[in-house]
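Encoded as structure tokens, the structure appears first; notes follow it.
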Amino acid sequence: MSTKAANGKFQFAIDRGGTFTDVWARLPSGETRVMKLLSEDPENYADAPKEAIRRIIEQELGTSQKENINTSVIDWIRMGTTVATNALLERKGEPMALVITNGFKDLLHIGNQARPNIFDLEIVSPENLYQDVVEVEERMVLNQGENQSDGSNKVVTGTTGERLEMWTSLNVQKLREDLQKVLDKGIKSLAVVLMHSYIYKDHEELIGNLAKEMGFSNVSLSSNVMSMIRIVPRGYTACADAYLTPCIKKYIDGFKEGLQDAKVLFMRSDGGLTPMESFMGSHAILSGPAGGVVGYAETTYSRERRVPVIGFDMGGTSTDVSRFAGAFEHVFESTTAGITIQAPQLDINTVAAGGGSMLFFRSGMFVVGPESAGAHPGPVCYMKGGPLTITDANLCLGRLLPEYFPHIFGKTEDKPLDKAATLKAFGLLTSEVNDFLKEQGADPMTKEEVALGFIRVANEAMCRPIRALTQAKGYDTAKHILACFGGAGGQHACAIARSLGMSEVYIHKYAGILSAYGMALADVVYEAQEPSALTYSAENFAQLNERIAALEKKCQEELKVQGFDSDHIETQPFLHLRYDGTDCALMCTASPSSDNGMSCGFGDFYTSFFNRYKTEFGFTLKGRDIYVDDVRVRGVGKSQAASAKEIPKAAGPPVKEKTVKCHFEEGCLETAVFRLENLSAGHKMDGPVLIIDKNSTILVEPECQAEITPLGDIRIKVASQNKKVIGTDLDAIQLSIFSHRFMSTAEQMGRVLQRTSISTNIKERLDFSCAMFGPDGGLVANAPHIPVHLGAMQETVQYQMKTLGADFHDGDVVLSNHPQAGGSHLPDLTVITPVFHKSQPKPVFFVASRGHHADIGGITPGSMPPHSTSIFQEGAVFKSFKLVEAGDFKEKEVTEAFNDPAKYPGSSSSRNLHDNLSDLKAQVAANHKGIQLISDLIDEYGLNVVQAYMKYIQENAEVAVKDMLREIASKTKATTGKTELYAEDFMDEGTKICLRITIDEVEGTAVFDFSGTGFQVHGNTNAPRAITLSAIIYCMRCMVGHDVPLNQGCLKPIRIVMSPGSIIDPSEEAAVVGGNVLTSQRIVDVILRAFGVCAASQGCMNNITFGNEKVGYYETVAGGAGAGPSWHGRSGVHTHMTNTRITDPEILEKRYPVVLQCFKLNEGTGGDGQYHGGDGVVRELMFREPFTLSILTERRVFPPYGLKGGMPGQRGRNLITYSDGRVIDLGAKNSVDVKRGDVFRLETPGGGGYGPPGSENAEGDMEVEVSSSKKRKLEAKGNPQMQSGSLFSYKLMQESS
């Protein structure tokens, strides 16, 4: 299939972006042209891509193309488009309805129950895509053996060979009636998702046929869109498809008008092209950015050198980061605009707001983003009333030259960039900075120094995700090439490469339109995939060979239909493999066949999985079966597309346009300016240099050298970073940079822990925190931000310092989990490593990691007993245990400690010692990584400087909290005439928790006095001191409203008074497991009530455990969120001190002998008010074999309070319906035996309402207010829903652990 321009026809590759449409065209002569148009310009043209095609053909052929474009002169058109992405972000897709199994109408509203931002009291989740829901009377249940079936139900075989029982057949008559009601509302697009339809499609196909027969124009069946297990992401994907595909079809129909018979291909999210007739909404989300990845992969990566490449695409409104090392890196589940999509996508990580990132000076710290000015109003220099941004900083420093920009700015859109306005705005910000520095006794700064400071902070912020993307998978960041493209990236590439230790930057000559050029280089792709339940073993190889061959044939036939012959078709099989008992599946290609007995007919997938698992996670799991979750084949029709031409060789030195002055670390330097179009192959330019391209400005920094390659691209050699001498005096810019470096250290510790741990809790649920501490044991940086861990570890470190004193030695590692030693509850094991430096006699800093171990012994599996009365019933206890001594891991001693609980009546030793030991070793390894990174910092800056900035970071957090306390004191005094606050609430057994807060409005300090709080209780809801500290830090951060370093400085302005022997400061042997998961929530309720910021949320985590001698399961369940001064509470979501995800219903039923009968909102349980509280949920589990069921809950007696006249939310309830018909209320805390057929019904509490019911704005206006409030919040946060990729998914997982 020839695509060369020698056939005398035009070839067009087009990226229709949100702001600009970029066009690359090969002319019949073989020459190329590029064009850039505004994507929206209705006064001049209806469609930008079509207009570009028209103009280029008209200009080349000299014939008018206004009526109809002459498609006979067009070879092909390749396009990427943001039509689907924009429709998803702006919620402007096709009106659609959801058809789902009965009992699950709110399943996609609840989702995984985690909130998107843990510190937002107003929980702003993206709106549902569907406008209506139809519940279908049908139910398929997995057959799990004869002992769990009474034989009365029809049994069918699914596509994987698994057997299912038809508990309820499809009620077609009722469905027809319900669908007609949807049609009558004008909705003609449907998404259909039924339980277990990924392996049994019949019911979905019946519904699809009926819907089309009735007149629905689009029906997206989840089993067709993506037949993978997990109903929630599959349901989201089907909804996205039903929501977006009609939009795409409308756009394509409009595009085809006037382009009849033209061959048009669209770029999919996976980096492959597809015919426009096959372009689907769920595969279109990353259509444009995918072209950029293909572009740099094909132009920067060398098959000979094999140096991996980091793609750095920095535009005006977003920055994308990706990686290529010879093969495209795909993810198969990604969250974009709040919607989880199950479809192959290139792993493109949107990590920052780009050139539009806003600049702030907060509490003495330089802050860049995440808020963005966007395209409108844009930066100050756009003259539309926008804020200062990174673009303004580059303009201020002379790194952007207005005379080379088009005159498209200002309200009339005909003015140049306004540098004067930028300098004026920087002058005002510099005054603000200098006022602060004057108070600190520091020297003032010039506006150029301030601008340069923001650039340095921005660069460091962008380095963090690049480090994470590489080091997360065990790669050395420095051993990569930085491929820079996009309009803004060229300004920052040298500095970022230098910070990351990279020695080469590559900028393609089409860097400004690389996404479009990538379309020209891309291949046509067709993929086929089906689910599987086989183990990867010799007895199943024949079946696997058969399935792969069938999918391979399907791909080949489809590509032949598209015009490819066999010589130009390649296929590649993949198996989605995971170890038994884990959720961590890897999509693997085959290694060449070997004689190890593990090769099927298509190669050795075992070795490929083994090697990749070991690379990413540092170990393998011996003796475990490997399961095939999915079989996939990727068919590729090779394009033989665009080939680049060499440019003329240089005949002399490069001719510069002029010389300008630019500001750098070294000062204000003479900087030569060159136009890229005037440079020839072999030209070399030593920095500082500005290279002006048509679509971007490239900065070659001092000590770097740019060279023009034979193809006209720019290769920059980056000199190693010069060590800048930094003193111990406070430097506000350096403070921000150290803040990023410290947080990056904690994040990279977490990556090592996740990679090397073995348990599901740590590896997959990410229930851990890593932190670093100063020489006094005070917290410096903590990641991730798990609310119940915030600030708690510093108590543990400082306890060890007091207890061990001089008994801390180099090579020692301490293990602790005791509440008196700063622990939260026993399953959270903290590993602490003191760090010594050269001749220093005491530790110069500490690192620690805290991980939740699934079982450490005790009276119940999972070490979360509902009725424990002593800490020794809750598992192994470590107060100050030397886990490693002089470098020797004390495996024998720690094993004995894990066996100790068996000494107590009714208790067991650890039920999973192997995982305990492996995870502890992983925690030691994570600490070692932290030591390496901080030691590198010390080598770079010196010990005194690093320790000084540890102290300054803590002081900065103190300043931020003081500012907030002054503001609260001022507001409180204005409304009440005093600066004292008081609140109280009660635990269900009647224990009072009370708090009196006294704020000093001048000093910005406060006393939190919990005197009067009830005594320690006989049960296990006693909360260690560390829990209260975490709750206070969490509440302070929520009320500050923006990012601040979360460290010991947050608590420094606050004096905390707790009575020893109370429920929040219990005795040494008190049971505490419920304090971590229940009392922590009540403490937050009391603090927020005192400040009056919002009504109570559900105030409970609803801990549910069931198990027997074969299996055990634990979950926490969502409820209602409290309303606030301008918002309704969110329904069906986790709040405050927890954010754990819930197991997908299909996974639950596949792995455990239970049936989830319903999971929905409990409507009307949120408290009424001007703003009403969120509703709780109803969750019903039917047991299919005998278990012990344990529940540990709260808010079953005292309801979540309303505020300012709002009504309380409804209390929760725990019911069991026995198979004989009896219904029993289990109360808040209980443990009972259940049999087959028994049903547990959990009703979680609703959130409290805010403001008197029926008051002004309660109807009509209120909706507008809340909507605009949410809009403001989304805008203020730079629209965080735009984030995507594996890094964003990892962050969401971290914050939902």
Using a cut-off of 6.0 Å, state whether more than 12 heavy atoms not belonging to H928 lie near its atom NE2. no
Go through the structure and list residues passing side-chain contact (heavy atoms from CB on, under 4.5 Å) with C1038, not counting sequence neighbours. F119, L121, Y1034
Taking only residues two or more places apart in sequence, or in another chain, which ones meet T833 in a side chain to side chain donor-acceptor pair (under 3.5 Å)? N927
What pairs of residues pass the ring pair (Phe, Tyr, Trp, His ring centres under 6.0 Å) test when at least one of them lies in residues 804-832, not counting sequence neighbours? F808-F846, H825-H852
With sequence neighbours excluded, tell me which residues meet side chain to side chain donor-acceptor pair (under 3.5 Å) with E795. none
Would you please name every residue forming a ring pair (Phe, Tyr, Trp, His ring centres under 6.0 Å) with F738, sequence neighbours left out? F742, Y941, Y949
What do you reckon, is NZ of K890 surrounded by more than 12 foreign heavy atoms closer than 6.0 Å? yes
Check for a donor-acceptor pair, side chain of S322 on one end and backbone N or O of I348 on the other, with a separation under 3.5 Å. no
Enumerate donor-acceptor pairs with a distance under 3.5 Å from any side-chain N or O in residues 930-938 to protein atoms, sequence neighbours excluded.
residue : atom : partner : partner atom : Å
S935    : OG   : I931    : O            : 2.7

Give a yes or no on whether the backbone of S849 and the side-chain of Q923 come within a donor-acceptor separation of less than 3.5 Å. yes
Taking side chain to side chain donor-acceptor pair (under 3.5 Å) as the definition, give me every residue that meets it alongside E891, ordered by chain and number, with sequence neighbours left out. K921
Euclidean distance, M772 CE relative to I953 CD1, rounded to 0.5 Å: 9.5 Å
Any salt bridge (charged side-chain N to carboxylate O under 4.0 Å, His left out) involving residues 802-819? Give me the pairs, sequence neighbours left out, ordered by first then second residue. D807-K882, D812-K882
Separation between NE2 (H740) and CG (N459), nearest 0.5 Å, reads 10.5 Å
Side chains of R323 and H480: donor-acceptor distance under 3.5 Å anywhere? yes
Please confirm whether the ring centroid of F898 lies under 6.0 Å from the ring centroid of F878. yes
For A497, enumerate each residue passing the side-chain contact (heavy atoms from CB on, under 4.5 Å) test, keeping only those at least two apart in sequence or located in another chain. L482, M502, V505, V718
No-hydrogen, no-angle side-chain donor-acceptor test under 3.5 Å, N916 and H853: yes
Just to verify, what does A1118 make a side-chain contact (heavy atoms from CB on, under 4.5 Å) with, not counting sequence neighbours? Q113
With R850 as partner, the option from I832, N782, N817, T796 fulfilling side chain to side chain contact (heavy atoms under 4.5 Å, CB included) is T796
Show the nearest heavy-atom pair for residues L883 and V924, with the distance to one decimal. CD2-CG2, 3.9 Å
Go through the side-chain N and O atoms of T1140 and T1116 and say whether any donor and acceptor fall under 3.5 Å apart. yes
Pairing residues for Q954 by the side-chain contact (heavy atoms from CB on, under 4.5 Å) criterion, not counting sequence neighbours: V780, N1047, Q1048
Between the side chains of E874 and S863, is a donor N or O closer than 3.5 angstrom to an acceptor N or O? no
Looking at G1049, is its backbone amide N or carbonyl O close enough to the side chain of E958 to form a donor-acceptor pair, meaning the two atoms are under 3.5 Å apart? no
Those residues at least two apart in sequence (or on a different chain) that pass ring pair (Phe, Tyr, Trp, His ring centres under 6.0 Å) with Y799 are none
